Structure formats: structure tokens, C-alpha cells
Amino acid sequence: MPLLTDIRWRTIISIAIILPIGLLYSHYRFSMSWLNQEVGGIFYEIFWCLFAFLFIPTCRAVWQIPLWVLIITCLLEFLQLWQPPFLIWLRSLWVGRMVLGNAFTWADFPYYFVGSSLGWLWLRLIIRGAKLR
């Protein structure tokens with residue numbers, strides 16, 4: 001059990017690192033237009049990989065979580081094309097914009113793939129040397 005706690009602590013510390021970076025990035029804008037929105041998808045993917053791993057810290061989850069995060073994020077991106085009143089209302093809230101997004105763009109997809117790949121690498125670093133099932 002102490003090993004599992006160690007894995008969880010590493011995950012919590014990782015979330016404490018990536019979450020402020022991602023939130024600060026969402027408020028700070030660079031002069032180059034391609035850096036304005038899409039790169040935030042990398043931090044978004046890594047955060048959700050770490051968050052899910054906090055609850056499912058297994059070796060098998062190390063490759064499954066990034067894959068599912070990528071699939072769900074891509075589905076959420078397509079969901080932005082749908083504009084029913086309840087989703088418009090949710091997207092008007094800060095949390096709704098952060099989780100659901102508010103504008104579909106094909107340019108987000110490469111960053112989702114990069115973010116999920118980096119999330120996978122981050123999870124591998126967390127479990128490095130650990131003997132998980």
C-alpha cells in the first residue's frame with residue numbers, strides 16, 4: 001500500500017504542476033496566432049490523463065487512459081458543432097468553456113494527439129521503478 005500512496009502522491013504533485021500552467025496559459029496570449037488557443041489542448045490532455053490516473057493507478061491504465069482521454073476529447077471537439085440551448089448555457093460559464101470548449105477547429109486535433117502522447121510519457125515516468133499490477 002505505501003507504493004500505491006507514493007504513486008498517488010507523484011500524481012497529485014504532477015497535477016499541481018500542470019494545472020496552474022494550463023490555467024495560466026489559457027489567460028496569457030502570445031503574439032503568434034497559432035500559440036493562442038490550440039497549444040492549450042496539450043495541457044488539457046495531460047491534465048485529464050493525470051486526473052484519471054489518480055483514481056486508476058495501474059500499469060494497464062498507463063496506456064489506456066491517454067487513449068480514452070484522446071477519444072473523449074475528440075468527441076467533445078465535435079460536440080462543439082452542436083449548439084442546443086443547454087450547451088450554449090453551459091459554455092457561457094467559465095467551467096463549461098474550459099471543459100467543453102466553445103468553438104470547433106480542426107487545428108486542435110494535432111495538439112490533442114501530442115498532449116495524449118505526453119500524458120502517456122508522464123504516466124510512465126510516474127510509475128518508473130514501481131511494481132504495479
Side-chain angles (χ1 to χ4, degrees):
M1 200 63 156
L3 180 63
L4 194 60
T5 305
D6 187 36
I7 295 294
R8 284 219 167 100
W9 273 112
R10 289 187 219 176
T11 307
I12 290 168
I13 291 167
S14 296
I15 289 171
I17 292 168
I18 202 70
L19 186 60
I21 292 170
L23 290 174
L24 288 172
Y25 182 84
S26 73
H27 292 290
Y28 182 73
R29 298 292 182 234
F30 296 94
S31 61
M32 291 182 260
S33 62
W34 66 273
L35 285 175
N36 283 346
Q37 289 290 344
E38 289 84 6
V39 175
I42 293 172
F43 301 117
Y44 185 81
E45 296 287 305
I46 295 170
F47 167 77
W48 285 113
C49 289
L50 292 168
F51 186 76
F53 190 68
L54 186 61
F55 299 100
I56 312 167
T58 64
C59 280
R60 186 178 220 185
V62 168
W63 66 269
Q64 288 179 340
I65 288 172
L67 180 62
W68 278 106
V69 166
L70 176 63
I71 290 168
I72 291 168
T73 305
C74 290
L75 290 174
L76 283 173
E77 186 70 26
F78 282 109
L79 186 65
Q80 293 172 20
L81 294 170
W82 190 35
Q83 298 291 326
F86 76 94
L87 280 179
I88 292 171
W89 175 78
L90 277 175
R91 291 178 183 129
S92 71
L93 305 171
W94 180 80
V95 168
R97 281 191 308 275
M98 289 282 124
V99 175
L100 299 174
N102 57 2
F104 176 85
T105 176
W106 286 104
D108 284 340
F109 289 96
Y111 296 97
Y112 294 158
F113 279 87
V114 169
S116 290
S117 299
L118 291 174
W120 173 76
L121 286 172
W122 200 314
L123 296 181
R124 288 194 41 122
L125 288 173
I126 288 174
I127 66 160
R128 178 181 268 171
K131 290 181 175 62
L132 295 176
R133 288 183 273 153

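Just so you know, these numbers come straight off a predicted model, no measurement behind them.
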> For F43 and I21, which heavy atoms make the closest approach, and how far apart are they?
Replying inline: CE2-CG2, 3.5 Å
> How close do F55 and R8 get, heavy atom to heavy atom, and via which atoms?
Replying inline: O-NH2, 3.9 Å
> How many angstroms lie between atom CH2 of W120 and atom CH2 of W63, to the nearest 0.5 angstrom?
Replying inline: 12.0 Å
> Between atom CG of L70 and atom CZ of F113, what is the distance when rounded to the nearest 0.5 Å?
Replying inline: 4.5 Å
> If you look at every heavy atom in I15 and L50, which pair is closest and at what distance?
Replying inline: CG1-CB, 3.6 Å
> Going hydrophobic residue to hydrophobic residue with side-chain gaps under 4.5 angstrom, can you get from I13 over to L121?
Replying inline: yes
> Can you get from L100 to V95 by hopping between Ile, Leu, Val, Met, Phe, Trp and Tyr side chains that sit under 4.5 Å apart?
Replying inline: yes
> Does some side-chain heavy atom of P66 sit less than 4.5 Å from a side-chain heavy atom of L123?
Replying inline: yes
> Is the side chain of Y44 donor-acceptor paired with the backbone N or O of V99 at a distance under 3.5 Å, no angle test?
Replying inline: yes
> Between I88 and S92, is any pair of side-chain heavy atoms under 4.5 Å apart?
Replying inline: no
>> Tell me the closest heavy-atom pair linking R128 and R10, and the distance in Å.
In response: O-NH1, 3.7 Å
> In Å, rounded to the nearest 0.5 Å, how long is the span from CG of L23 to CD1 of I18?
Replying inline: 10.5 Å
> Quick one: CD on Q64 to SG on C49, what's the gap to the nearest 0.5 Å?
Replying inline: 12.5 Å
>> Could you check whether atom CZ of F109 has more than 12 heavy atoms from other residues, nucleotides or ligands sitting under 6.0 Å from it?
In response: yes
> Shortest non-hydrogen contact from Q80 to G101?
Replying inline: NE2-CA, 3.4 Å
>> Looking only at side-chain N and O atoms, does S14 offer a donor or acceptor that is under 3.5 Å from a partner on W122?
In response: yes
>> Count I, L, V, M, F, W, Y as connected when their side-chain heavy atoms are under 4.5 Å apart, and connections chain through other members. Are I126 and L118 then in the same cluster?
In response: yes
> Below 4.5 Å, heavy atoms only, C-beta onward: do F53 and I127 meet side chain to side chain?
Replying inline: yes
>> Rounded to the nearest 0.5 Å, what separates atom CG in L75 from atom CD1 in I71?
In response: 7.5 Å
> Same hydrophobic cluster for V114 and L76, using side-chain heavy-atom links shorter than 4.5 Å among ILVMFWY?
Replying inline: yes
> What are the two closest non-hydrogen atoms of E45 and V69, and how far apart are they?
Replying inline: OE1-CG1, 3.3 Å
>> Could you check, using the six-membered ring where one of them is a Trp, whether W106 and Y111 have ring centers closer than 6.0 angstrom?
In response: no
>> Measuring centre to centre across the rings, with the benzene-like ring taken for any Trp, is F86 within less than 6.0 Å of W89?
In response: no
> If you round to the nearest 0.5 Å, how far is CD1 of I65 from OG1 of T58?
Replying inline: 6.5 Å
>> Please tell me whether F51 and I7 are part of a single hydrophobic cluster in this structure, the criterion being side-chain heavy atoms less than 4.5 Å apart.
In response: yes
